[in-house]
Each structure stands twice: as structure tokens, then as C-alpha cells.
Amino acid sequence: MDFNFSTTSLDPKSTKVFLCFQDKKLTKAAQDFDTHHQGFLKKALENNRFSGKKNETLVLNAPHTLESNRIILIGLGLEKDISLEVLENAGGSIFPLIKSAPDQMLEVSVGDVTLNNLTSADIASSLAYGFLLRSWSFDKYKTKEIEDRKVALKLITFQTSEADKAQKLFTSLEQIAAGVFLAREFVSEPPNVIYPASMAERLQELTRLGVKVEVLGLEELKKLGMGALIGVAQGSIREPKVVILQWLGADSSEKPVAFIGKGVTFDTGGISLKPSANMWDMKYDMAGSAVVAGLIRALAGRKAKVNAIGVVGLVENMPSGSAQRPSDIVKSMSGQTIEVLDTDAEGRLVLADVLWYTQDRFKPQFMVDLATLTGAIVIALGDFFAGVFSNSNELVEKIKLAGEKTGERVWHMPLDERFEREIESDIADLKNITFGRKAGSAMAGQFLKRFVNDTPWAHLDIAGMAWAEKDMPTIAKGATAYGVRLLNELVQTYYEKQ
Ligand code: BES
Ligand code: ZN
Ligand code: ZN
């Protein structure tokens with residue numbers, strides 16, 4: 001499927017897509033078309049429920065006087081509310097309408113419209129970006145009906161008065177999308193295919209884009225003293241790995257920014273075994289690490305002028321004769337000892353060592369970790385927001401703004417001195433669970449804070465965001481890659497040299 005930006009209308013056979021504001025207000029491009037086609041759209045608007053609200057769509061059969069098969073109207077909502085997110089969603093909502101249609105060419109008419117400081121190039125490129133993001137699917141394991149599932153569409157053209165500019169913007173957005181797709185692929189793969197060693201191996205492929213990739217195996221992790229991470233992995237026949245990705249796009253004197261991912265390639269709970277119903281969804285317990293990989297992929301693809309480090313802790317949490325027991329005490333790389341009272345609270349054990357390692361080795365400007373860390377965050381924020389916990393309000397503000405811009409939203413959650421007492425162990429420095437269920441996500445955040453030293457840091461609990469239970473405008477049901485776009489935006493807006 002090719003994307004194209006053009007100042008003129010190219011092929012009369014293309015399926016036409018027009019944009020419409022709320023209350024049946026057609027854009028100028030649509031009105032122009034209509035005057036040349038006997039008020040076809042006006043009549044269609046009079047005879048249909050479609051009113052141009054956000055996410056509304058209308059598919060019409062073209063009149064026989066036209067060479068194209070179909071005409072599609074996409075609602076954008078009120079003009080004053082139009083944002084990049086609204087446009088991306090509108091672009092995304094086109095895809096399911098043509099997915100199983102025989103149409104090979106599509107033409108989206110943007111014209112020379114400008115809206116709320118957005119140029120025609122911004123509008124065209126974000127419609128295209130939304131369409132691209134929605135078009136991704138994971139069907140490599142489907143051995144039948146492949147022909148039926150193939151999308152017939154070959155070319156999608158965005159007709160805009162600023163075709164060159166739109167193309168340029170889209171070229172950069174395509175790189176972010178490539179990062180999103182890499183993350184979605186990792187998350188979608190089953191745990192018999194993606195496990196620590198295989199994921200580490202796939203990450204090596206990023207060297208092709210100029211990313212430096214280092215893989216630490218069990219022996220090295222032992223030498224570093226990562227007892228907390230190793231303890232989680234010890235019940236599995238699969239060796240743990242820590243992978244360090246470095247995209248060095250700025251001067252070597254620039255302090256790096258660092259991203260850390262929880263990569264539990266399958267979380268059974270260990271000896272504190274999870275109930276079997278829905279246990280399958282613990283295949284996405286490595287989403288944090290997938291997003292870190294996708295982010296570094298995006299930054300490298302765009303040749304971002306920043307030094308960015310990604311560190312992922314990859315382990316499989318299994319019950320077995322060699323698994324750690326509830327009440328084991330492990331020693332973390334920081335020197336702090338942890339009483340493991342529940343082997344299912346494993347994410348914080350993995351992150352404890354990876355966070356410590358990252359600040360110790362790289363002295364970054366800040367660290368952001370991503371983790372499907374607690375069920376409690378799903379109760380608190382559902383799939384509407386990730387929870388952000390931080391020792392730096394300044395960093396939180398930046399992440400919040402990046403969230404508003406990309407539609408990958410966060411909600412600021414508390415860390416507090418008073419939580420400290422709760423994570424104290426009777427016989428070790430810390431324990432990995434707290435009594436009862438109160439403030440479960442915050443307790444996990446407070447635990448992590450003990451391993452960041454003085455580095456400005458934010459923890460994103462993405463347990464509710466990593467997997468979409470239903471289709472969304474720019475995400476088909478399944479892996480979301482939540483976080484790639486958010487953190488790419490954070491870096492691009494605040495930390496990249498122009
Ligand atoms: N991976 C889970 C958290 C999770 C839950 C992710 C739902 C995605 C969806 C994590 O390792 C876990 O099991 N957390 C426990 C912690 C508890 C034992 C303190 C939880 O949230 O129940
Ligand atoms: Zn767990
Ligand atoms: Zn987990």
C-alpha cells in the first residue's frame with residue numbers, strides 16, 4: 001500500500017473521500033466537487049443520519065456519471081475542536097471502510113483548508129498517519145483465508161495544496177509508525193516465540209539503523225549483582241537478558257535521556273500462581289520493553305538529534321522446582337535487600353535492578369520506565385490513562401503535554417513519604433508487596449523510587465493501556481504500543497536539538 005500526496009486529483013476511478021464538519025458542513029474541496037456533480041453530496045446529507053460528528057462515517061455508492069465506485073464522507077466534529085488527534089482518528093476511521101472492499105485506489109480531498117493553526121500539510125499528513133496506524137494487523141500465523149484478508153487497496157492519495165510539505169511531514173511520521181509497529185509486533189507474538197533470548201536477538205536488528213545493541217546474559221547479570229531480576233527468572237528454563245539500546249544522535253557531550261522497560265515475556269505469577277482464567281493476557285507483560293524498543297526504533301529512524309538509551313529487563317516468570325519462593329530474600333544491584341513475599345509482584349523486582357543499572361552507568365538527564373506493573377492501575381484508570389508516578393513535577397508536566405498532543409494520555413498519581421512505611425520489611429530493607437490492596441499502584445511506584453537515586457524519573461504504569469480489547473480509530477484490537485508516540489513527542493518537543 002503506497003501513500004501519495006498530490007496537489008491535483010489523480011485518477012477519476014479512485015474512491016473519493018471528503019471531510020465534513022459537524023452539522024453537515026462540507027469542506028471547500030467537498031463543496032467544489034458537489035457543484036460539479038449536481039449536488040450529489042448535499043442530497044446525500046439531506047437523506048442520511050450522518051451529520052459530520054467526530055468518528056461518524058458515511059459510505060455512498062457513486063452515481064453512474066462518475067467513474068469511481070464509492071464516495072466516503074468522514075466526520076470531523078466542530079471546527080474549533082479540530083486537533084492532530086481528531087485528524088489522526090478521522091484518517092484511521094477510513095481504513096475499516098475499505099478494508100474488505102475491492103477498491104484499489106483512494107483519494108482523500110483536503111484541498112487548501114487550514115484549521116486552528118493547522119496547515120493543509122498538517123491536516124493531510126495526520127490523516128495519512130492515522131490511516132497508516134490503523135492499517136497494521138498481525139496475521140502471520142493465519143495459514144488459511146489469506147486471500148480473503150488481503151487488502152485490495154494499492155494507493156492512497158491525499159490531495160492537498162501543500163503536497164511537498166505534507167510528504168515531508170509524513171516521511172517523519174512513517175518512522176514513528178515503524179516504531180509503533182515494531183512494538184505491536186513484539187507484544188502480539190506468543191511467549192513461545194518471544195522470550196528473553198529471542199527478543200534480544202530480534203533487537204540486534206536495530207543495529208541496521210545505527211543503534212548500538214548490547215546483550216547481557218546470566219553470567220554478566222550475576223557479576224553486576226542483579227539478584228532481584230535473576231530471582232524472578234530462576235524458575236524458568238529460559239535465561240534472563242538485559243538489553244541496552246543506544247541511539248546516539250547528538251554530540252557526545254550531551255547527557256542522554258533513558259527509557260527502561262519491564263519485559264516479563266510471560267507472567268504466570270510464579271509460585272504465587274495466577275488464576276488460569278485470562279492468564280493468556282500475561283503474554284503482554286513485556287509491553288514496556290516492546291515500547292522502549294519501538295521508541296528507540298522511531299528515534300533512530302528519524303535520526304533524532306538526541307542521545308537516547310533504552311534498557312530492557314527480559315525474564316520469564318515461571319513456577320518450578322527452581323523458582324523463587326514467597327519469603328525468599330534477594331539482594332538487588334543497589335545493595336538493598338528485598339523480601340519477596342509474593343512472586344507475582346515480579347515487575348518491580350526486575351525494574352529495581354534495571355533502573356539502578358541505568359542511572360549508575362549512564363547518569364541520564366532523566367529516566368522514564370514503562371511497565372504493565374499492577375492490576376490496580378486498571379481499576380483506577382481503565383484504558384483511558386496510564387498512571388504516572390514521579391519524583392519530578394517538571395518531568396510530569398512535560399509528559400502530560402506530550403500525552404495531550406498524541407492522545408496517549410497520563411494521569412498524575414501520588415508518591416508520598418507516608419507510603420514508605422508500608423514497603424518496609426520486618427527482616428530485609430524492603431518487601432515487594434504491601435498489606436491489603438490499598439493504593440496498590442502507588443506502593444509499586446514507591447518501591448521503584450528506592451532504585452532511582454536522585455535521577456529525575458517517571459514511572460508509567462501501562463497495565464491498562466498495552467492491549468486494546470476492541471478496535472479504536474488508530475488501533476486495531478490487540479497490541480497498542482501505547483507509549484511510543486507519547487515518549488517520541490516528549491523527546492522531540494523538549495530534548496532534541498533542532
Ligand atoms: N503483570 C502483572 C500486572 C498486570 C495486571 C498487568 C493486569 C496487566 C494486566 C503484575 O506482575 C502483577 O501480577 N501484579 C500484581 C501485584 C500484586 C501481587 C501486589 C497485581 O497487580 O495483582
Ligand atoms: Zn506478576
Ligand atoms: Zn507482571
Side-chain angles (χ1 to χ4, degrees), residues 187-188 191 194-196 228-229 231-236 238 240 260-291 312-319 323-328 338-354 369-387 389 413 419 422-423 425 430-448 459-469 478-483:
V187 173
S188 305
I194 282 294
Y195 47 88
L229 181 146
V232 176
Q234 79 186 33
S236 169
R238 307 195 194 274
I260 289 94
K262 168 178 173 182
V264 177
T265 60
F266 197 78
D267 181 12
T268 62
I271 295 298
S272 312
L273 194 62
K274 285 183 180 294
S276 62
N278 291 324
M279 200 201 274
W280 68 268
D281 54 57
M282 284 304 107
K283 79 165 185 173
Y284 67 73
D285 211 20
M286 36 58 73
S289 66
V291 169
V312 296
L314 306 174
V315 299
E316 187 179 59
N317 189 20
M318 296 293 272
Q324 70 181 344
R325 294 141 292 255
S327 78
D328 276 6
I338 307 164
E339 190 181 12
V340 181
L341 289 174
D342 190 320
T343 64
D344 196 15
E346 83 299 339
R348 65 198 77 181
L349 299 171
V350 173
L351 289 173
D353 279 338
V354 181
D369 78 71
L370 299 116
T372 46
L373 205 63
T374 64
I377 204 72
V378 191
I379 306 294
L381 303 175
D383 58 3
F384 304 100
F385 300 92
F389 302 81
M413 304 285 284
F419 301 164
E422 312 281 325
I423 56 173
S425 156
L430 287 144
K431 59 184 180 191
N432 77 331
I433 50 165
T434 51
F435 180 70
R437 299 207 294 174
K438 62 184 178 188
S441 305
M443 295 303 165
Q446 196 74 30
F447 180 99
L448 297 181
H459 154 58
L460 299 177
D461 194 335
I462 59 169
M465 309 305 285
W467 192 262
E469 276 157 11
T480 64
Y482 171 96

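Counting starts at 1 for both ligands and their atoms, following the listed order.
- Annotation for L341 and K431: closest pair CD1-CD, 3.9 Å, computed over non-hydrogen atoms.
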request  = Could you walk me through whether Q324 and I271 pass the side chain to side chain contact (heavy atoms under 4.5 Å, CB included) test, one step at a time?
outcome  = CA-CA 7 Å; Q324 70 181 344; I271 295 298; over 6 Å; no
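- For the residue pair L373 and A463, the shortest heavy atom distance occurs at N-CB, 4.1 Å.
- Residue contacts with ligand 1: Y284 is placed with no nitrogen or oxygen under 3.5 Å of a nitrogen or oxygen of the ligand (distance criterion only).
- Note: an N/O pair closer than 3.5 Å links G375 and ligand 1 by distance alone.
- When you scan the N, O or S atoms of D267 for the one nearest the Zn ion (ligand 3), you land on OD2.
- Proximity of a side-chain donor or acceptor of T265 to a complementary backbone N or O of Y195 within less than 3.5 Å is not detected.
- Nearest heavy atoms, V264 versus E346: CG2-OE2, 3.6 Å.
- Nearest non-hydrogen protein atom to atom 10 (C) of ligand 1 is L373 O, 3.3 Å.
- Comparing heavy-atom distances from atom 1 (N) of ligand 1 across D285, L341, N317, V264 singles out D285 as nearest.
- Below 3.5 Å of separation, one finds no N or O of N432 facing any N or O of ligand 1.
- Among the atoms of D285, no N, O or S atom falls under 2.8 Å of the Zn ion (ligand 2).
- Between A228 and D353 the shortest heavy-atom distance is N-OD2, 3.0 Å.
- Interface of T372 with ligand 1, defined as ligand atoms under 4.0 Å from a residue heavy atom, comprises 1 (N), 2 (C), 3 (C), 6 (C).
- For ligand 1, none of its N or O atoms has an N or O atom of T374 under 3.5 Å away.
- S236 and E316 share a donor-acceptor pair across their side chains, judged by distance under 3.5 Å alone.
- Among protein heavy atoms, atom 19 (C) of ligand 1 sits closest to I433 CG2, 3.4 Å.
- Atom 15 (C) of ligand 1 has its closest protein heavy atom at D344 O, 4.1 Å.
- Scanning all protein heavy atoms for the shortest distance to atom 9 (C) of ligand 1 gives M282 CE, 3.6 Å.
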request  = Before giving the answer on side chain to side chain contact (heavy atoms under 4.5 Å, CB included), spell out for F389 and Q446 the whole-Å C-alpha distance, their side-chain angles and the decisive distance to 0.1 Å.
outcome  = CA-CA 8 Å; F389 302 81; Q446 196 74 30; over 6 Å; no
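- Below 4.0 Å from some heavy atom of E346 lie the following atoms of ligand 1, by number and element: 11 (O).
- Between D281 and ligand 1, a contact under 3.5 Å exists for no N or O pair.
- The atoms of ligand 1 that sit less than 4.0 Å from any heavy atom of K262 are 1 (N), 10 (C), 11 (O).
- Closest to atom 18 (C) of ligand 1, if we only count protein heavy atoms, is D342 OD2, 3.5 Å.
- D461 places no side-chain N or O within donor-acceptor distance of the main-chain N or O of G387, the cut-off being under 3.5 Å.
- Among the backbone and side-chain atoms of K262, an N/O/S atom is found under 2.8 Å from the Zn ion (ligand 3).
- Listed by atom number, the atoms of ligand 1 under 4.0 Å from R348 heavy atoms are 16 (C), 19 (C).
- To the nearest 0.5 angstrom, I338 atom CD1 is 6.0 Å from L430 atom CG.
- Annotation: atom 2 (C) of ligand 1 to nearest protein heavy atom, D267 OD2, 3.6 Å.
- Salt bridge K262/D369: absent, no basic N to carboxylate O contact under 4.0 Å.
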task = Go through S425 and E339 one step at a time and tell me if the side chain to side chain donor-acceptor pair (under 3.5 Å) criterion holds.
result = CA-CA 7 Å; S425 156; E339 190 181 12; 2.7 Å; yes
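- Note on E346: counted as a metal contact of the Zn ion (ligand 3), an N/O/S atom lying under 2.8 Å.
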